[in-house]
Structure formats: structure tokens, C-alpha cells
Visitor: 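Once you've had a glance at the structure underneath, I'll fire off some questions.
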Amino acid sequence: MPEYRDTLQLPATDFAMKANLSQSEPKTLQRFAEMNFYERVNSARANAPIFRFHDGPPYANGPIHVGHMVNKVLKDMVVRSRLMEGMRCPYTPGWDCHGLPIEHRVLTELSKKGKMKELDALPANERRVAIRAACASDAVKFIQVQADGMKRLLTFADYEHPYRTLDHAYEGATLELFATLVEQDIVFRERKPVHWSIANRTALAEAELEYEDREDPSIWVDFEAADREAVAKVFGVELDSTPSFMIWTTTPWTLPANLAIAIGGAYNYSLVRIDGGESIIASDMIEKVSKAIGAQKVERLAETTGDRLVGLQYKHPFCDRVGKIIAAPHVTLEDGTGLVHTAPGHGEEDWRAGRKEGLEAYCPVRDNGTYDDSVPEWLRGVSIWEANKTILEHITKSGHLVHHLMFTHSYPHDWRSKTPVIFRATEQWFIGVDRKVKNSGRTIRELASEAVESKIEFVPEWGRNRMRGMIASRPDWCLSRQRSWGLPIPAFKLADGSTFMTPASIRAVAKVMREHGSNAWFTHTPQELLAHYNSAADVDAPKDFNNATIEKLFDIFDVWFEAGSSWHSVMQERGQGFPAELYLEGSDQHRGWFQLSMLLALASTGQAPFRRLVTHGFVVDKEGKKMSKSLGNTIDVENILKEFGADVCRWWVSGLAYETDIRMDLEFLKTAGEAYRKVRNTVRFLLSNLGDLPATTDWRGALKSVEPESIDGWVLGELSGLEKNVRNAYARFDFRAAHLALYAFCNETLSSMYCVAVKDRLYCDRPDSHRRRRSQIVMRACAETLCRLLAPIMAHTADEIYRTMNAGDVSVHEQTYLNIQYQAHADWSKVMDARAAALKALEEAKAKGVENTLDAGLVMPDADGTLSKFAHDFADICGVSRATFDQSANAVQVIDLREAPRCERSRRRDESVAMRSDGGLLSDRDFDAVSVFKALHPVA
RNA sequence: GCGCCAGUAGCUCAGCUGGCUAGAGCACGCCCCUGAUAAGGGCGAGGUCGAAGGUUCGAGUCCUUUCUGGCGCACCA
């Protein structure tokens with residue numbers, strides 16, 4: 001009996017089944033690097049419409065984590081999908097380089113190495129320069145680490161020319177932007193309390209605080225009302241003596257700075273007689289306070305509400321002034337008396353409350369922790385810790401002290417000196433959100449609200465709501481930090497102690513920084529820094545300006561100012577245009593980069609720096625818990641890239657519902673890997689059947705002549721729909737929809753339906769049969785379309801597919817969509833319904849012994865003759881040997897063909913199977929194919 | 001504490017302006033194929049939609065409360 005296997009066209013391809021991504025992807029990267037691919041693509045698109053996307057700068061601190069991966073892959077999918085639309089997509093990756101986390105880590109390391117003493121012995125300026133140098137090399141090191149990770153993710157970006165906030169040009173441009181803000185009258189200087197280390201005479205960040213137990217006096221103090229009658233009126237009683245407002249505090253040393261007493265407007269307050277004295281405290285606190293101070297006799301005289309107390313005045317117990325009662329939201333009835341001693345110069349909340357009331361952040365404490373001359377004489381020059389005792393004694397004598405005990409509580413300490421930290425008001429720079437911008441006459445808050453309301457598109461839409469709330473409630477932006485690692489605020493101190501900084505002087509300094517970088521602030525003299533400044537030409541210059549007597553100030557900018565300037569310092573600076581089409585970051589940036597970039601751009605240009613904001617959620621673990629090193633639930637990106645490959649990771653990202661929390665677990669990547677293999681195998685099947693399609697075939701041109709009622713017509717119609725859907729999904733940033741559509745197409749449309757159906761003709765028809773060539777052409781169209789549609793997601797694999805079909809130095813990433821327009825026959829949905837019914841019937845027939853569908857024939861009910869139009873492909877669609885149509889039948893009938901002769905070549909039980917001259921049982925089709933084969937391959 | 005978001009089959013997610021027996025994919029079970037083979041195909045079984053109230057003829061879908069989780073309110077980026 002003849003062996004026919006060799007006469008078949010079985011699938012064959014070099015496109016490997018096993019992707020081996022961890023080896024092949026680096027090779028792809030290498031190849032792209034060698035051909036300078038980023039440059040090549042964008043220069044080829046020099047005249048194409050531009051897609052203006054601006055990358056937010058991650059912080060150059062540690063290797064990339066899963067959050068970075070999600071962020072960068074999402075961005076890359078945006079860029080690559082626009083690239084596939086034929087657009088030019090410059091993408092400048094950036095890094096945020098300055099800031100406390102780096103400075104703190106560097107200091108910690110120096111401290112560990114025992115180099116702190118050495119460092120502290122240096123003059124202040126040299127010390128700063130030394131720290132800055134260490135920080136810079138730390139930042140640069142991590143930029144490299146992160147860039148390598150991002151490249152490995154197959155992101156398409158200009159890694160040769162990234163932006164870094166420590167670059168000279170960036171620093172200069174940022175200062176120039178600052179100059180325009182100063183010009184707009186929204187920058188001002190004001191006192192604000194910060195954590196202060198007396199030992200190191202420096203401001204500290206939260207990260208530099210260590211909380212330790214400390215024993216402090218806990219005191220209850222009576223502040224005598226200034227106007228007895230006013231109080232009497234509020235409580236509706238007659239008064240013989242003047243009552244007091246009773247406060248509680250654990251920091252007696254802040255009493256000299258007391259400017260107000262805060263109450264809760266909604267609480268009730270009582271006038272009580274405690275052991276003879278009359279005091280006002282919150283009604284709900286009477287019992288607690290009585291107990292705490294050990295009162296013998298407590299009598300409630302009258303009650304009123306907090307809001308009625310507002311505006312009353314009291315005499316400071318030992319400073320010669322009156323303070324007033326104010327309402328503040330931070331007052332609680334947890335501890336104390338319900339009346340809160342308020343010293344705006346010594347507490348964040350006090351400051352905020354005081355600011356609302358127009359109180360200054362009065363701070364009589366000098367940087368060395370002693371009082372200045374604004375306090376009563378007996379306190380001048382006294383250290384605040386000493387003052388705790390002194391004040392206690394004083395108010396005991398004066399009778400203001402109600403009660404006192406020692407109290408152990410958790411208190412912040414300086415991480416280096418281990419000494420207690422205080423809150424101390426110092427001069428800070430601010431951008432006022434409620435100050436009128438000169439150009440528009442409107443405040444930044446107004447401009448931002450308007451932009452959020454109507455100028456910006458949010459994806460997802462709820463981002464608008466979130467940002468609206470944040471804009472409405474945000475405080476003024478405190479720009480200055482008392483730190484080393486950052487961009488200096490180019491302000492000087494004049495001989496008379498006032499501050500000097502004008503738009504022109506800032507621009508002059510910027511010029512120096514463009515050349516020498518921000519280190520110049522520390523290494524250059526004021527005269528050198530102002531070399532380009534001409535006070536005579538500066539209308540804002542102070543009278544009799546003399547640069548010989550000025551000194552530098554050493555505040556630096558909040559790093560957000562630098563990051564928030566990127567639309568200017570990168571996009572405008574590099575001529576990339578403004579505003580950007582899109583910013584895409586995590587939803588935390590509604591408060592961060594998005595908002596601050598917007599504020600700066602609105603203030604200086606009147607326009608938001610982006611038209612659209614896309615946000616993604618945060619990566620959390622399997623249980624929905626935040627990922628953190630301490631929980632040990634973090635996932636190392638380097639490892640997963642090694643284990644799964646970038647394309648698998650990218651496939652995972654593409655399938656995410658990214659707008660909300662993103663759950664992550666290695667299991668999910670395994671699943672993504674399975675899906676990847678399914679897609680890969682399906683495409684591989686297409687490729688493996690294209691081997692003998694002549695290279696000269698005009699497959700694109702041939703598509704329009706594909707018969708609409710053929711199975712190829714059907715799949716071409718589906719392909720056309722897929723292309724539209726996926727492109728549309730990409731346009732909406734709905735990668736998940738693209739992902740699902742692509743997956744469904746590969747699995748259902750192709751693998752389960754089409755590929756199975758056309759196998760027989762591909763393998764068994766004579767090579768050049770019309771229907772075989774037609775299938776090959778359509779399969780080619782499918783593969784060509786799929787690799788383009790997949791390109792934004794599986795950047796490597798799509799290219800691999802494309803290059804399997806197209807020779808030469810080519811890449812799918814410089815192609816554009818085929819834009820397939822094809823309409824299959826409208827009755828295909830009916831055929832598919834009939835197929836489903838047939839498959840069910842075949843499943844039932846298994847019980848009767850017809851287990852292999854090729855042992856079956858079908859008789860299909862076809863009342864209106866619809867199905868018979870598709871007769872030529874129907875048996876193949878159902879995987880059976882034969883199918884006939886019966887207009888009078890009303891149910892699918894399965895014919896048992898196990899006794900019918902079987903073609904030894906195609907294994908089908910076709911009617912035409914017969915014994916042939918060579919001794920084989922063959923159908924007509926197979927006999928013909930064998931004849932052709934023999935003619936082409938004469939036996940040697 | 002306040003603002004925004006999420007909670008639907010074992011897992012990842014759809015369910016638009018309230019309306020037929022709540023849908024996919026993965027995993028799972030049974031079966032076929034062995035000429036996509038460290039592949040491929042068919043069929044199937046899985047859910048009181050976080051909880052409790054309420055509005056309505058009718059709620060996963062609207063309202064209230066509550067629980068769980070995420071992001072933001074800092075000299076953290």
C-alpha cells in the first residue's frame with residue numbers, strides 16, 4: 001500500500017514554537033541599537049503628523065519595580081500604536097534626580113562609613129558641595145540601572161538623549177520658568193514652621209525623624225478673659241469675677257509664641273467653677289479634666305456653643321498682649337480641654353489655623369534653640385528646654401497654672417544627633433494659589449479649576465472629580481527646602497537684611513547655571529553669579545543696589561518644582577511643542593506631577609501643559625495589599641523578565657484593567673505566558689502554511705477577489721473588523737479591549753474555527769488549487785495584520801513574525817496598518833449557528849460510537865436554502881467528511897460513515913473514495929493531487 | 001478623620017442611561033485527534049453580584065449605612 005504522507009503539504013516554518021524570549025529579546029534590542037532604530041523611524045516620519053507625548057520623570061532611586069513596568073509599558077503601547085498609525089512619536093525619557101530620598105540615603109551611607117565627622121568639619125559651603133557630589137553620582141548610577149531595565153522592556157524611546165533634572169540646561173530652563181512666575185507676582189516669602197534640629201541647626205524631613213519616648217511637663221493653664229462682660233453675655237450669666245479659658249499643653253516653651261486659642265465651633269463649652277476659680281472648657285471634657293487635675297469641687301454654671309466663643313479675647317499670661325479665640329478644624333475632644341493653645345510659629349496645624357485668621361507665624365526661638373529679644377526679659381537667651389521649667393515656675397507664681405504633672409509620650413528626635421526636634425517657623429518661599437497672576441488677573445486656583453472642568457480630558461473620567469477636589473482644597477505651594485541636594489533658589493540677602501531676587505537677576509543666574517550647572521551657586525561668588533545682571537536695567541532692582549555687599553541664601557527648590565517644569569525645560573526647551581497631547585502616570589500624580597505641572601504652566605502661559613491625562617492604579621499583591629519591602633511581597637522585575645520575557649510581561653500589562661488597583665502575582669504572569677503561547681502558536685500555524693506561496697504573489701491585491709461566501713471570505717471579514725476594533729481600542733487607550741479582541745481572534749476565529757477548517761485543503765489539495773491559494777493569501781493577510789496589531793503589545797514577537805514573512809533589514813515597527821476593507825457574506829452568522837448545532841449533535845453522536853467527526857456525515861436542515869450557498873465549505877467547518885442539506889428536515893442528523901471507505905491520504909470518508917491504479921484508496925481530489933505530485937517529483 | 005476609586009464564578013475581568021434563566025477568558029471535569037504535537041479540537045460543570053437597610057412593578061445596576069482594600073491630604077517621590 002502506498003505511503004502518501006510525503007505527497008502532502010505539511011506545515012513547516014523557521015518560526016520557533018518555543019519563544020525563548022529571555023535570549024531572543026536582547027538580540028532584538030541589539031539589532032535595533034545597531035541600526036539606530038529610534039532615529040531611523042522618527043527621521044523617516046519627519047513630515048508625518050506628530051504625537052506629542054511627554055514622559056513623567058521617575059525618581060532615580062533603586063532599580064525599576066513592577067509599578068515602573070506597568071507605567072512604561074502602558075506608555076510604550078500608546079507610542080507604538082500611534083507609530084503604527086503612521087505618526088511621528090518622539091519620546092524623551094526623563095528622570096527626577098534631586099531630592100531628599102537620595103540625599104538621605106547618601107548621608108546614611110556616609111554615616112555608616114563613619115565619614116560624618118569629617119563632613120561636618122567642613123565649612124558649610126564645602127559640606128554642601130561634597131554632599132551634592134555624592135548625591136549626583138548616586139542619581140546617575142540609578143538612572144543607568146533604570147534605563148537598562150526600561151530598555152529591556154522593549155520601550156521605544158530616545159535613551160541616547162534623556163532629560164535629567166540635574167542637567168545644566170534643565171536647571172537653567174527651570175530657573176527661567178521661575179523668573180516668569182516671579183514676574184507674575186505669585187511668588188512670595190513667608191514664615192512657616194518646619195521640623196528643626198537644634199543640634200544640627202537644620203530643618204528635617206519626616207524621614208529623618210525617629211520617634212522616642214520623652215518625659216515632658218503636661219500643664220493646664222488658665223488664660224484670663226480680656227473682657228468679663230463679653231464672656232458674661234455669651235454665657236447669658238452675671239459674673240462677679242473674670243473667668244479664664246483653660247488650655248492644656250505639653251510644650252510650655254511654646255507659650256511665649258501663643259497668639260490664639262482654638263476651639264471647635266460645633267462643640268459645647270461650659271463655664272465651670274473648679275475649686276473656686278472660674279474656667280471655660282468643653283462640656284464633654286469637664287469630667288476628664290476634673291479627674292486629671294484632681295479637682296475637689298466642680299460646678300457647671302452655664303453652657304454655650306463653640307462658635308459663640310469665637311472672637312472673644314484673652315490676656316496672655318505673661319506677654320503683654322491679648323489673643324483671640326478662633327475656630328479650627330483640628331480641635332478634638334480626645335485630650336486636653338477642648339481649647340487648644342495655638343502658636344502658629346510652632347506647629348503645622350496652628351500655622352494653618354493662624355493663617356486663616358491672618359495671624360503671623362510668630363517664632364521667638366532662634367536657630368540655636370534660645371529665645372530672641374521679643375519675649376519678656378526673664379526669658380531672653382534662655383534655651384527652650386530650660387524654659388519649660390522657668391515658665392512653669394513663672395506661671396505657678398502668677399497663678400495661671402491650674403495643674404501640672406510629668407508625662408511620657410512619643411516625641412520626634414533627630415536621626416543623627418538623637419536630640420528632640422522642635423517645630424520652628426522659618427522664612428519660606430511660596431507660590432500663592434490665590435494670588436492674581438499678572439497676565440490674566442486670575443488666580444492659579446481659578447485657572448486650574450477651569451482647566452480641570454473644561455479643558456482637559458480625563459481617562460478614566462473620575463480623575464476630573466478627584467483633581468477638582470484637590471485643586472479646590474490645596475494650600476499655597478511651599479517651594480523652598482533647607483537642603484543640599486536640589487536646585488538652589490537664586491535669592492540673595494542684601495546688606496540691610498532684606499531679600500533680593502528679581503526676574504532679571506534670576507535669569508542672570510540661570511545663564512550661569514546653563515553653563516556650569518547648579519553647583520555654581522556654591523562654588524561661585526555672588527558677583528560671579530550675577531555677572532550677567534545689570535541692576536541699572538532692572539526696574540525691580542532695589543535702590544542703591546550694590547552687589548559687593550550681598551550674600552547668597554541657601555534654600556533649594558522643592559523637587560516637584562523641577563519635575564513640574566518639564567513641559568518647559570524639556571518640551572519647549574527642545575522644540576517639541578506645547579502643550580502635550582498626553583501625560584500618563586499613576587493616579588498619585590493628580591496631586592503630584594500632573595497638578596504641579598499644570599499650576600506652573602497655567603501661571604506662566606495660561607494654558608495647561610497637556611490635553612489629556614491617563615492614569616493607572618497602583619500595583620498591589622494577590623490579596624490587594626500594597627507592595628512593600630517590609631511586607632516582603634515585592635516582585636523583582638529583573639527576575640520576571642528573565643523568567644517570562646518582556647513580551648509576556650507586556651501581554652500581561654495589556655490585559656489589565658489598569659485604571660484601578662493592579663493585582664500582581666507570579667501566577668498571573670504564568671497565565672499570561674500561556675496566553676502568549678496560544679497566540680504565538682496560532683500565528684506560527686499561519687506562517688507554517690505559507691512556505692510555498694510564491695514570493696511574487698500580490699496577496700494584498702488578491703484580497704478583494706476572495707469570495708464572500710467562502711470560509712476565507714468569512715475570516716477576512718472578521719479580520720477587517722478586528723483591525724478596526726483594535727485600532728479604535730488603542731485610540732481610546734483601552735489596551736485591554738485590544739488584548740481581548742486579539743486573543744479571541746487568535747483562539748476562536750483562527751485556531752478553533754478557521755485553521756481547523758482549512759487544514760484539509762492546505763495539506764491535501766494540489767499546491768496550486770484555487771481554494772488552497774486563496775486560503776494562503778488570506779492567511780498571509782491575517783499574519784501581516786496580526787503582527788501590526790500586536791506590535792504595540794508584543795514588540796519583539798510582532799517583529800519576529802513580520803521578519804519571518806518579509807526579508808531584509810525590515811521591522812514591523814516602521815510599517816503602518818493594512819487598513820483592510822472587506823465585507824463577508826451577511827448570512828455567515830446563520831452558518832455559524834448551524835455549525836454550533838452540528839457540533840452539539842456530533843457530541844451526542846459520540847455516545848453512539850461516532851467519536852471521530854471524520855467518521856460522520858451531516859444532514860443539515862435548511863428550510864430557506866441559506867446553508868446550501870455555503871455547501872463547499874460546510875463539511876470542513878464542522879470537521880466532518882460530508883455534509884448535505886435538506887429543506888424539509890428540522891433537526892441536524894448525524895450519519896454514521898464508519899463503514900464507508902476512507903481516503904488513505906486525507907482520511908476523509910468522501911463519496912468519491914475509490915481504489916486507484918497505484919493500489920491506494922483515494923478520493924478524486926487526492927488522486928489528482930498525487931498525480932500532480934508525481935509529475936513534479938519523478939521517482940529517481 | 002476627609003476626598004477619589006474598587007469589592008461580580010477558584011483566579012483576572014465584562015455587565016452603557018435599572019428590565020429576558022448574570023457574561024467572557026484562565027483554571028477545572030469528560031471526550032476526540034496524534035499530519036500545528038513540550039501542539040490542536042469538542043462538550044460541560046462553576047456565582048444568594050462584600051454586608052445590611054431603602055427607593056421601584058422590577059436593582060449587580062439608584063440612595064443610605066457599614067466592612068475590606070488602594071491612592072491622595074508631609075522638607076516622600
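First the proteins, then the strands, lettered A, B, ... as listed; each starts at 1. What you see is a predicted model, and the numbers here were worked out from it, not measured in a lab.
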Visitor: Would you indicate what A/N681 reaches in the nucleic acid, counting non-hydrogen atoms under 4.0 angstrom: base, sugar-phosphate, or nothing?
Guide: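 Base contact.
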Visitor: Which base, if any, makes a Watson-Crick or G-U wobble pair with B/rU48, both distances under 3.5 Å?
Guide: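 Pairing partner: none.
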Visitor: In terms of side-chain heavy atoms, does A/T7 have a donor or acceptor partner in A/R905 at a distance below 3.5 Å?
Guide: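 Result is yes, a qualifying pair exists.
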Visitor: Look at the side-chain N and O atoms of A/S751 and state whether any lies under 4.0 Å from the OP1 or OP2 oxygen of B/rG41.
Guide: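 For B/rG41, OP1 or OP2 has a side-chain N or O of A/S751 closer than 4.0 Å.
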Visitor: Going by ring pair (Phe, Tyr, Trp, His ring centres under 6.0 Å), name the residues that satisfy it together with A/H346, two or more places apart in sequence or in a different chain.
Guide: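 Testing A/H346 for ring pair (Phe, Tyr, Trp, His ring centres under 6.0 Å), a comparison that skips the adjacent residues, returns A/W253.
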Visitor: Could you tell me which nucleotide pairs with B/rG60 by Watson-Crick or G-U wobble geometry, both distances under 3.5 Å, or answer none if nothing does?
Guide: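 B/rG60 is paired with nothing.
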Visitor: Identify, with sequence neighbours excluded, every residue that meets ring pair (Phe, Tyr, Trp, His ring centres under 6.0 Å) alongside A/Y583.
Guide: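 Scan of A/Y583 (ring pair (Phe, Tyr, Trp, His ring centres under 6.0 Å), adjacent residues dropped) gives A/H54, A/W593, A/F610.
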Visitor: Any idea if B/rG25 is syn or anti, going by the 90°-from-0 cut?
Guide: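 What B/rG25 shows is an anti base, its glycosidic angle lying more than 90° from 0.
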Visitor: Is there a donor on the side chain of A/R474 or the base of B/rC73 sitting less than 3.5 Å from an acceptor on the other?
Guide: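 No, the side chain and the base share no sub-3.5 Å donor-acceptor pair.
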Visitor: Between A/T426 and A/Q428, does the side chain to side chain donor-acceptor pair (under 3.5 Å) criterion hold? Intermediate values first, please.
Guide: CA-CA 6 Å; A/T426 55; A/Q428 303 294 342; 2.7 Å; yes
Visitor: Check every strand shown and say whether A/E844 touches a base, only sugar-phosphate, or nothing at a heavy-atom separation below 4.0 Å.
Guide: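 No contact.
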Visitor: Applying side chain to side chain donor-acceptor pair (under 3.5 Å), name anything that partners A/D876, two or more places apart in sequence or on another chain.
Guide: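 With neighbours one apart ignored, the set is A/R761, A/R908.
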Visitor: Give me the distance, rounded to whole Å, that separates B/rG19 from B/rA59 when you measure between the C1' atoms they each carry.
Guide: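 Each nucleotide's C1' atom is 10 Å from the other's.
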Visitor: Could you check which residues of residues 585-596 of chain A get a heavy atom under 4.0 Å from RNA chain B? Sort them by number, please.
Guide: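 Result for residues 585-596 of chain A: A/S587, A/D588, A/R591, sorted by number.
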Visitor: Does A/D765 come within less than 4.0 Å of A/R772, counting only side-chain N to carboxylate O?
Guide: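 No salt bridge links A/D765 with A/R772.
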Visitor: Using atom P of each nucleotide, how far apart are B/rA51 and B/rC11 to the nearest Å?
Guide: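 These two P atoms come out 15 Å apart once rounded.
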Visitor: Can you sort out the partners of A/H195 under ring pair (Phe, Tyr, Trp, His ring centres under 6.0 Å), two or more places apart, ordered by chain and number?
Guide: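 Result, ring pair (Phe, Tyr, Trp, His ring centres under 6.0 Å) vs A/H195: A/F423.
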Visitor: So what does A/R684 touch, heavy atoms closer than 4.0 Å: a base, only the sugar-phosphate, or nothing?
Guide: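 Touches sugar-phosphate only.
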Visitor: In terms of the nearest nucleotide of RNA chain B, which residue is placed more toward the 5' end: A/E843 or A/F618?
Guide: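 It is A/E843, whose closest nucleotide lies nearer the 5' terminus.
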Visitor: Short of 4.0 Å, heavy atom to strand atom, which residues of residues 833-840 of chain A count as contacting RNA chain B?
Guide: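 Correct list: A/L839, A/K840.
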Visitor: If you look at every strand shown and take non-hydrogen atoms under 4.0 Å, does A/Y59 touch a base, only sugar-phosphate, or nothing?
Guide: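 Sugar-phosphate, no base atom in range.
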Visitor: Within the pair A/R105 and B/rA77, is there a side-chain N or O less than 4.0 Å away from OP1 or OP2?
Guide: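 The answer is no; no side-chain N or O of A/R105 sits under 4.0 Å from OP1 or OP2.
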Visitor: Looking only at atom C1', what distance separates B/rC5 and B/rG50, rounded to whole Å?
Guide: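 To the nearest whole Å, 16 Å.
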Visitor: Does A/D414 form a side chain to side chain donor-acceptor pair (under 3.5 Å) with A/S197? I'd like the steps, not just the answer.
Guide: CA-CA 6 Å; A/D414 175 0; A/S197 163; 2.8 Å; yes
Visitor: So does A/R424 pair up with A/D367, basic N to acidic O under 4.0 Å?
Guide: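 No, A/R424 and A/D367 are not salt-bridged.
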Visitor: For RNA chain B, find the residues of residues 755-766 of chain A with a heavy-atom distance under 4.0 Å and give them by number; none if there aren't any.
Guide: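 Contacting residues: A/C755, A/V756, A/K759, A/Y763, A/C764.
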Visitor: Kindly write out the residues that satisfy ring pair (Phe, Tyr, Trp, His ring centres under 6.0 Å) with A/Y211, not counting sequence neighbours, or none if the list is empty.
Guide: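 So A/Y211 forms no ring pair (Phe, Tyr, Trp, His ring centres under 6.0 Å) with any residue.
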Visitor: Of all the choices, B/rA77, B/rG35, B/rG42, which nucleotide is nearest to the side chain of A/K846 once you look at every atom?
Guide: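 So the nucleotide nearest the side chain must be B/rG42.
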Visitor: Checking all strands, does A/M467 fall into the base, sugar-phosphate, or nothing category for heavy-atom contacts under 4.0 angstrom?
Guide: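 Here A/M467 touches no strand at all.
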Visitor: Would you classify A/G99 as touching base, sugar-phosphate or nothing, given that sugar-phosphate means primed atoms plus P, OP1 and OP2, and contacts are heavy atoms under 4.0 Å?
Guide: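 Counting heavy atoms under 4.0 Å across all strands, the contact made by A/G99 is with sugar-phosphate only.
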Visitor: Hey, are A/S566 and A/Y170 close enough side-chain-wise for a donor-acceptor pair under 3.5 Å?
Guide: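 Note: A/Y170 and A/S566 side chains miss the donor-acceptor criterion.
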Visitor: Is B/rG1 paired to anything, Watson-Crick or G-U wobble with both distances less than 3.5 Å, and if yes, which nucleotide?
Guide: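 Matched B/rG1 with B/rC73 under the 3.5 Å cut-off.
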Visitor: Taking B/rA38 as the reference, what is the distance to B/rU21 when you measure between their C1' atoms (whole Å, please)?
Guide: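 Result for the C1' pair: 42 Å, nearest Å.
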Visitor: Using the C1' atoms only, state how far B/rA22 lies from B/rU66, rounded to an integer number of Å.
Guide: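 Between the two C1' atoms, the distance is 25 Å.
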Visitor: A/I456 versus A/M598: any side-chain heavy-atom pair under 4.5 Å?
Guide: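 The answer is yes; the side chains approach within 4.5 Å.
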Visitor: Which nucleotide sits closest to the side chain of A/N852: B/rA36, B/rC4, B/rC33?
Guide: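 Between B/rA36, B/rC4, B/rC33, the one nearest the side chain of A/N852 would be B/rC33.
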Visitor: Can a salt bridge be assigned to the pair A/E674 and A/K670 using a cut-off of 4.0 Å between side-chain N and carboxylate O?
Guide: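 So A/E674 does not pair with A/K670 through a salt bridge.
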Visitor: With sugar-phosphate meaning primed atoms plus P, OP1 and OP2, does A/A657 contact a base, only sugar-phosphate, or nothing at under 4.0 Å between heavy atoms?
Guide: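 Sugar-phosphate contact only - A/A657 comes under 4.0 Å of backbone atoms but never of a base.
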Visitor: Taking the basic N atoms (NZ, or NE/NH1/NH2) and the acidic carboxylate oxygens, is any pair closer than 4.0 Å for A/E348 and A/K192?
Guide: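 Salt bridge present between A/E348 and A/K192.
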Visitor: With C1' as the reference atom in both, quote the distance from B/rG3 to B/rU48 in angstrom, rounded to an integer.
Guide: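 Their C1' atoms lie roughly 33 Å apart.
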Visitor: What is the nucleic acid contact for A/L100, judged by heavy atoms within less than 4.0 Å: base, sugar-phosphate only, or nothing?
Guide: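 Here A/L100 touches the backbone only, sparing every base.
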Visitor: Does B/rA6 have a Watson-Crick or wobble partner in any strand here, with both distances under 3.5 angstrom, and which is it?
Guide: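 By the stated definition (distances under 3.5 Å), B/rU68 pairs with B/rA6.
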Visitor: Quick check: on RNA chain B, is the nucleotide nearest A/E659 upstream (toward 5') of the one nearest A/S688, or the reverse? Name the residue that is more 5'.
Guide: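 Closer to the 5' end of RNA chain B: A/E659.
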Visitor: Without placing hydrogens or testing angles, list every side-chain donor-acceptor pair under 3.5 Å for residues 555-562 of chain A, not counting sequence neighbours.
Guide:
from, atom 1, to, atom 2, distance (Å)
A/D555, OD1, A/Q482, NE2, 3.2
A/D555, OD2, A/Q482, NE2, 3.3
A/D558, OD1, A/R481, NH1, 3.2
A/D558, OD1, A/W560, N, 3.3
A/D558, OD2, A/W477, NE1, 3.0
A/E562, OE1, A/H98, ND1, 2.5
A/E562, OE2, A/H98, ND1, 3.0

Visitor: Ring centroids only, cut at 6.0 angstrom: are A/H104 and A/W415 within range, meaning strictly under it?
Guide: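 Between A/W415 and A/H104, which both carry aromatic rings, the centre distance is below 6.0 Å.
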Visitor: Considering Watson-Crick and G-U wobble pairs with both distances under 3.5 Å, what does B/rC30 pair with?
Guide: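 Across all strands, the one nucleotide that pairs with B/rC30 is B/rG42.
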Visitor: Which pairs, protein N/O on one side and nucleotides 66-69 of chain B N/O on the other, fall under 3.5 Å?
Guide:
from, atom 1, to, atom 2, distance (Å)
B/rG69, O2', A/G624, O, 2.5

Visitor: So A/Q776 and A/D692, side chain to side chain donor-acceptor pair (under 3.5 Å) or not? Walk me through it.
Guide: CA-CA 9 Å; A/Q776 286 183 307; A/D692 71 325; 2.6 Å; yes
Visitor: Using the rule given for side chain to side chain donor-acceptor pair (under 3.5 Å), can you reason through A/R898 versus A/N852, listing the C-alpha separation, both sets of side-chain angles and the distance that settles it, and then say yes or no?
Guide: CA-CA 9 Å; A/R898 278 177 293 175; A/N852 184 339; over 6 Å; no
Visitor: Choosing from B/rC4, B/rA77, B/rU37, which nucleotide comes nearest the side chain of A/N465?
Guide: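 Side chain of A/N465 sits closest to B/rC4.
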Visitor: Which nucleotide in the list B/rA36, B/rG42, B/rC31 gets nearest to the side chain of A/S752?
Guide: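 Of all the options, the side chain of A/S752 is nearest to B/rG42.
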Visitor: Across the strands shown, which category fits A/R468 at heavy-atom distances under 4.0 angstrom: base, sugar-phosphate, nothing?
Guide: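 No contact.
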Visitor: List for me each residue that meets side chain to side chain donor-acceptor pair (under 3.5 Å) alongside A/H68, sequence neighbours excluded, and say none if there are none.
Guide: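 Expected list: A/H65.
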Visitor: For nucleotides 26-28 of chain B, tabulate all protein N/O to nucleotide N/O atom pairs closer than 3.5 Å, reporting atom names and distance.
Guide:
none

